[in-house]
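Worksheet for the structure shown next.
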Amino acid sequence: MQCIVDGVVVTPEAASISIFDLGLLRGYGCFEAQRAYGGKVFRLERHLDRLERSAAALDIELPRRSEIAGWVREIAAANGDCIVRLFVTGGYPDEPVSPPRTFAFAESVPEVPAGLRFLPLAAPWHPGGVSSELTGAKTMSYAPNLRATREAQHAGFDDALLYSRDGDLLEGPTFCIGWFRRGVLETPSLDLGVLASITREAVLEAATGLHIPVAEGRYGRNVLAEADEVFAISTVKEVTSVVAVGEQSFRPGADTARVADAFREIVATETGT
Ligand SMILES: Cc1ncc(COP(=O)(O)O)c(C=O)c1O
């Protein structure tokens, strides 16, 4: 498995950055997780757009976009079906000054359970509709997200499903959520500070292509009591049925399967797989 650090191809053993880097010390940095199908990255340009927004929000200077794109493509091409992780750290601002560091590597695509089980958890740290400078930025400060995942896993669930201080349904620590209610595909709107997920965007296109009505909005966490089908959305999970949210159970359904298939068709068309 090859890694690229500041444009140099190195082995995993040789891939390192300073312990003084602000990415490590303060979580000051940004990242992307991209999926390669048959060696081709799905919607690389959209990922790079989001990386640029994240870096601008953090005031971190990125290497040239064409260079970053080349590194990601190189790793994808060498690994076929994989997740390409890309990070840009804050660097080491004191003497000797180190500029932001950029590194990328491939991970194998993890096995995702066919029916996911989520524990609803309050996320008081989440913007939840109150915007700040960093809302929407995919920064390296993921400690609250990881903690929520661990709490859910300790309680026997696959992951957490987060809701805001106001009780609005938001997203998971690393995925978006959607559901079908009375034939409409509903999902929390981006103005809640939910990450502008690349997969979510493609899934909404897929649903629109199938003439399925789509609604983005603010929904109280109890909305799922009226949902017929629930599904998780992300680069890693693609479209995966949810079979439990806390005490509530759901069946994987035909509407989710149709949207998942249409999403895969978009992927196949764009990646030539
Ligand atoms: C908080 C959060 N929401 C949603 C997503 C899904 O985004 P994408 O479809 O771009 O993977 C992620 C991905 O890492 C995430 O971290």
Side-chain angles (χ1 to χ4, degrees), residues 27 29-37 41-55 57-58 72 76 81-88 104-107 109-110 112 116 118 120-129 131-132 134-152 158-164 168-179 185 187-207 216 230-240 242 259-260 262-264 266-267 270-271:
C30 48
F31 74 107
E32 284 296 319
Q34 298 141 115
R35 187 151 179 165
Y37 297 84
V41 179
F42 179 62
R43 300 214 167 166
L44 174 57
E45 297 303 327
R46 299 297 289 141
H47 282 283
L48 295 176
D49 290 344
R50 190 170 66 188
L51 183 74
E52 285 179 354
R53 292 198 300 275
S54 302
L58 286 166
V72 173
D81 292 328
C82 66
I83 307 294
V84 183
R85 295 200 176 271
L86 167 69
F87 294 80
V88 183
F105 58 88
E107 262 177 21
V109 179
V112 179
L116 292 164
F118 294 151
L121 283 181
W125 75 85
H126 194 285
S131 293
S132 74
L134 287 179
T135 305
K138 195 164 164 65
T139 76
M140 285 168 62
S141 315
Y142 257 50
N145 306 45
L146 263 68
R147 203 214 65 87
T149 295
R150 286 172 86 101
E151 180 174 341
D158 293 303
D159 213 326
L161 183 55
L162 308 173
Y163 59 89
S164 71
D168 290 322
L169 211 48
L170 297 168
E171 61 188 334
T174 57
F175 55 86
C176 287
I177 190 85
W179 58 90
L185 189 167
T187 188
S189 49
L190 298 183
D191 65 2
L192 283 161
V194 166
L195 188 75
S197 148
I198 312 302
T199 321
R200 176 187 181 280
E201 188 174 68
V203 164
L204 297 188
E205 285 169 29
E216 298 174 68
V230 182
F231 52 95
I233 307 166
S234 80
T235 293
V236 171
K237 295 180 168 57
E238 300 178 308
V239 177
T240 303
V242 175
V259 169
F263 167 74
R264 286 256 173 75
I266 292 177
V267 169
E270 295 186 17
T271 59

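Numbering of ligands and ligand atoms starts at 1, following listing order. Heads up: numbering here begins at 1 and tracks the sequence. Just so we're clear, the structure is a prediction, and the values are computed from it rather than from any experiment.
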(message) Could you tell me if His47 and Gln34 have a donor-acceptor pair between their side chains, going purely by distance under 3.5 Å?
(response) no
(request) Report yes if some heavy atom in the side chain of Asp159 is under 4.5 Å from a heavy atom in the side chain of Pro173; otherwise report no. (result) yes
(request) Please say which of Trp179, Phe175, Phe231 ends up in a ring pair (Phe, Tyr, Trp, His ring centres under 6.0 Å) with Phe118. (result) Phe175
(request) Look at Glu216 together with Arg200 and state whether they make a salt bridge at an N to O cut-off of under 4.0 Å. (result) yes
(request) Kindly indicate whether the side chain of Cys176, heavy atoms from C-beta on, has any atom under 4.5 Å from the side chain of Thr199. (result) no
(request) Please identify which atoms of ligand 1 are closer than 4.0 Å to at least one heavy atom of Cys176. (result) 4 (C)
(request) Have a look at Phe31, Phe42, Phe175 and point out the one with the heavy atom closest to atom 4 (C) of ligand 1. (result) Phe175
(request) Identify whether the distance between the nearest side-chain nitrogen and carboxylate oxygen of Glu270 and Arg46 falls below 4.0 Å. (result) no
(message) Tell me the protein heavy atom at minimum distance from atom 14 (O) of ligand 1, and give that distance in Å.
(response) Lys138 NZ, 2.7 Å
(message) One residue to check: Ala33. Relative to ligand 1, which of side chain, backbone, both or neither has a non-hydrogen atom less than 4.0 Å away?
(response) neither
(message) Under 3.5 Å between any N/O of His47 and any N/O of ligand 1: does that happen in this structure?
(response) no
(request) Please indicate whether any nitrogen or oxygen in Ser234 is less than 3.5 Å from any nitrogen or oxygen in ligand 1. (result) no
(message) Under 4.0 Å, heavy-atom basis, I'd like to know which part of Tyr142 is in contact with ligand 1: side chain, backbone, both or neither.
(response) side chain
(message) With nothing but distance in play, are any N or O atoms of Asn145 less than 3.5 Å from an N or O of ligand 1?
(response) no
(request) Pick whichever of Ala196, Ser197, Gly172, Ala202 has a heavy atom sitting closest to atom 6 (C) of ligand 1. (result) Ser197
(request) Consider ligand 1: state whether an atom of it lies below 4.0 angstrom from any non-hydrogen atom of Arg50. (result) yes
(message) Below 3.5 Å, N or O to N or O, backbone or side chain included: is there any such pair between Thr235 and ligand 1?
(response) yes
(request) Give yes or no for whether the N/O distance cutoff of 3.5 Å, strictly under, is met between Ile198 and ligand 1. (result) yes
(message) To check your reading of the model: name the closest protein heavy atom to atom 2 (C) of ligand 1, its residue, and the distance in Å.
(response) Glu171 OE1, 3.5 Å
(request) Check whether any side-chain heavy atom of Val259 sits under 4.5 Å from a side-chain heavy atom of Leu185, and report yes or no. (result) yes
(request) Give the C-alpha distance, both sets of side-chain angles, the deciding distance and a yes or no for side-chain contact (heavy atoms from CB on, under 4.5 Å) between Leu192 and Leu169. (result) CA-CA 9 Å; Leu192 283 161; Leu169 211 48; over 6 Å; no
(request) Measure the distances from the heavy atoms of Pro173 to every atom of ligand 1 and state whether one is below 4.0 angstrom. (result) yes
(request) Give me the ring orientation class for Tyr37 and Phe42: parallel if the planes are under 30° apart, tilted from 30 to 60°, perpendicular past 60°. (result) perpendicular
